There are 2 protein chains.
Amino acid sequence: MPEQLNQCMPLGKYMGVLTKIYFGALSKKLEHLGVDRHFSILKAIDNTNEKCTQQYLSDLLNFDKVSMVRMLDYLVEKKMITRTVNQDDRREHIIELTTKAKKIMPEIRKGIAEMNATAFKGVSKPDREVFYSCLTTILKNIECLPANEVDIKLKKKK
Amino acid sequence: MPEQLNQCMPLGKYMGVLTKIYFGALSKKLEHLGVDRHFSILKAIDNTNEKCTQQYLSDLLNFDKVSMVRMLDYLVEKKMITRTVNQDDRREHIIELTTKAKKIMPEIRKGIAEMNATAFKGVSKPDREVFYSCLTTILKNIECLPANEVDIKLKKKK
DNA sequence: AAATAATAGTTAACATTGTAAACTATTAAC
DNA sequence: GTTAATAGTTTACAATGTTAACTATTATTT
């Protein structure tokens with residue numbers, strides 16, 4: 001059992017492996033749609049009721065905007081999303097799912113649900129709630145760093 | 001609060017930022033020793049009583065062996081570790097800290113402890129225990145995947 | 001004992017993501 | 001109306017992951 005958080009980093013890596021596993025078949029069916037983060041992006045777009053801009057997605061999923069541009073380029077190329085200029089604020093691009101993407105959303109949701117079921121097998125519901133609550137606290141703590149500790153610029157939004 | 005694990009991935013990324021913050025000064029003092037994972041490696045070597053081979057470190061810290069070679073190359077270059085062939089099994093290399101590295105271990109331990117204190121601020125001890133226990137279960141669940149789901153090769157050790 | 005398989009480590013090539021800087025276009029603020 | 005801020009893009013570079021091929025050494029098999 002890890003004693004310190006700096007020994008827990010493989011979680012992200014392993015979840016990447018899980019994603020590959022649960023979306024392997026779906027990925028092949030979709031001309032090898034990238035598997036690592038693209039499914040999370042599609043789900044996030046689908047979940048969003050308000051206008052979905054690239055900045056919004058970057059903030060929500062915590063990808064930097066350069067990587068977001070690259071990933072959205074990829075999804076456009078794969079005909080999974082469309083990018084249209086927002087006429088109310090022409091700096092923004094509205095991201096929307098194509099019909100092709102909408103059709104596979106049920107499979108994506110199912111894959112993500114199965115992934116989570118596998119990960120949390122044997123963890124009780126209350127424990128799971130504590131886990132997510134801790135995770136939330138940690139993420140908050142980490143984002144709100146004491147100003148005296150640091151190069152402030154690390155805290156600033158890019 | 002995240003509902004599903006695939007939305008929690010920034011934890012690893014943020015911990016990287018924290019590492020940079022808590023080791024920024026130390027890093028500068030050490031001719032800009034890389035900050036992201038090198039401190040964890042040094043701590044792992046220092047913690048190890050048994051013989052410390054590259055394979056052992058890869059397994060412990062969950063870095064693949066190619067990356068481990070690169071990072072150890074870097075640490076050798078920075079004169080923080082030595083690599084010596086194990087005369088009992090000449091395939092293995094024993095990794096040891098140099099005196100230079102041993103001297104800064106207290107600072108590294110302090111930095112890691114402060115990092116964890118920051119991350120867990122406001123999380124009760126029992127909750128923290130549940131958190132780590134969940135994390136352990138999740139990591140176990142993810143490593144022991146049901147064989148019918150997958151490309152078995154993903155499970156194999158590299 | 002010799003052939004074969006497995007292990008530890010290395011190297012090269014490539015893909016992905018993060019980061020920083022410079023840039024355009026557009027909107028907001030003074 | 002000038003200046004500042006925001007959304008997005010592009011380029012270049014660094015770090016890590018992945019695969020495959022490779023050497024050297026040790027263990028296993030026959």
Side-chain angles (χ1 to χ4, degrees), chain A residues 9-10 12-17 19-20 27 32-41 51-77 81 83-95 151 153-158, chain B residues 9-20 27 32-41 51-77 81 83-95 151 153-158:
Chain A
M9 291 312 96
K13 199 194 301 183
Y14 288 141
M15 286 307 289
V17 174
T19 313
K20 274 186 190 117
S27 171
H32 294 83
L33 182 69
V35 287
D36 275 308
R37 322 212 165 197
H38 299 144
F39 289 114
S40 296
I41 294 178
K51 70 178 179 181
C52 185
T53 63
Q54 300 191 191
Q55 192 59 52
Y56 170 81
L57 284 174
S58 293
D59 291 342
L60 182 70
L61 299 171
N62 282 287
F63 301 141
D64 69 334
K65 63 180 185 175
V66 178
S67 302
M68 187 53 79
V69 168
R70 275 189 295 235
M71 289 189 277
L72 294 182
D73 283 349
Y74 184 86
L75 290 172
V76 166
E77 193 196 309
I81 62 167
R83 251 197 283 230
T84 49
V85 173
N86 180 6
Q87 291 306 327
D88 296 336
D89 182 341
R90 299 182 51 230
R91 290 171 299 186
E92 295 178 342
H93 289 181
I94 304 283
I95 310 298
D151 262 337
K153 103 183 146 173
L154 277 168
K155 290 168 61 187
K156 281 201 235 147
K157 272 175 122 181
K158 302 289 152 54
Chain B
M9 291 311 97
L11 183 57
K13 200 193 303 183
Y14 288 140
M15 287 306 289
V17 174
L18 257 200
T19 312
K20 273 185 192 121
S27 171
H32 293 83
L33 180 69
V35 286
D36 275 307
R37 321 210 166 199
H38 299 144
F39 290 115
S40 295
I41 294 177
K51 69 176 179 182
C52 184
T53 64
Q54 301 192 190
Q55 192 59 53
Y56 170 81
L57 284 174
S58 293
D59 290 343
L60 182 69
L61 299 171
N62 281 287
F63 301 141
D64 70 333
K65 64 181 185 174
V66 178
S67 303
M68 188 51 80
V69 167
R70 274 190 295 234
M71 290 189 276
L72 294 182
D73 283 348
Y74 183 86
L75 290 173
V76 166
E77 193 196 309
I81 61 166
R83 250 197 282 231
T84 48
V85 173
N86 179 8
Q87 292 306 328
D88 295 336
D89 182 340
R90 300 184 50 230
R91 291 171 299 188
E92 294 178 341
H93 289 182
I94 303 283
I95 310 298
D151 262 339
K153 101 181 148 175
L154 278 167
K155 291 169 57 186
K156 280 201 235 149
K157 272 176 123 180
K158 300 290 150 56

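In what follows, chains are A, B, ... by sequence order, proteins preceding strands, each numbered from 1. These figures come from a predicted structure and were not determined experimentally.
Counting to the nearest Å, the C1' atom of D:dG8 and the CE atom of A:M68 are 12 Å from each other. Protein atom CG of A:L72 is 12 Å distant from nucleotide atom C1' of D:dT9, rounded to whole Å. In this structure, A:Y56 places its OH atom 16 Å from C1' of D:dA7, rounding to the nearest Å. Atom-to-atom, CE of B:M71 to C1' of C:dG9 comes out at 15 Å; the value is rounded to the nearest Å. When the P atom of D:dA24 is taken as reference, atom NZ of B:K65 falls 16 Å away, rounded to whole Å. We find that CD1 of B:I81 is positioned 13 Å from C1' of C:dG9, with the value rounded to whole Å. Regarding A:R37, its CZ atom lies at a distance of 10 Å from the C1' atom of C:dG18, rounded to whole Å. When the C1' atom of C:dT24 is taken as reference, atom CD of A:E92 falls 16 Å away, rounded to whole Å.
Evaluation of atom-type donor-acceptor distances gives no pair under 3.5 Å for the side chain of A:R90 against the base of D:dG8.
Between the CG atom in B:L72 and the CD1 atom in B:I81 there is a gap of 4.5 Å [rounded to 0.5 Å]. Within the model, atoms CE of B:M71 and CG of B:L61 stand 8.0 Å from one another, a figure rounded to the nearest 0.5 Å. Expressed to the nearest 0.5 Å, how far CZ of A:R37 lies from CG of A:L75 amounts to 13.0 Å.
Under the side-chain hydrogen bond (donor to acceptor under 3.5 Å, both in side chains) rule, A:E92 has a single partner from A:T84, A:N86, A:T53, which is A:N86.
Between B:R83 and B:D73 there is a salt bridge, with a side-chain nitrogen of the basic residue lying less than 4.0 Å from a carboxylate oxygen of the acidic one.
Residue B:R70 places no side-chain N or O under 4.0 Å from the OP1 or OP2 atom of C:dA12. Dashed line: the shortest gap from a side-chain N or O of B:H38 to OP1 or OP2 of D:dA15 is not under 4.0 Å. Distances shorter than 4.0 Å separate some side-chain N or O of B:R83 from OP1 or OP2 on C:dT10. In this structure, A:Q54 reaches the D:dT9 phosphate: one of its side-chain N or O atoms is under 4.0 Å from OP1 or OP2.
Residues B:F63 and B:M68 come closest through the heavy atom pair CD1-CE, 3.6 Å. Of all the heavy atoms in A:K65 and A:S58, the pair that sits closest is CA-OG, 3.7 Å.
Annotation: of the two residues near DNA chain C, B:D89 and A:Q87, the 5′-most nearest-nucleotide partner is B:D89.
Listed nucleotides C:dG9, D:dA7, C:dT7 differ in distance to B:R91; the shortest reach to its side chain belongs to C:dT7. Of the candidate nucleotides C:dT10, D:dT9, D:dT18, D:dT18 has the atom nearest to the side chain of B:S67. Here the nucleotide nearest the side chain of A:V66, chosen from D:dA7, C:dT19, D:dG17, is C:dT19.
Comparing the helix axis at one end of the helix from C:dA1-D:dT30 to C:dC30-D:dG1 with that at the other, each defined from 5 consecutive pairs, gives an inter-axis angle of 30° (nearest 10°).
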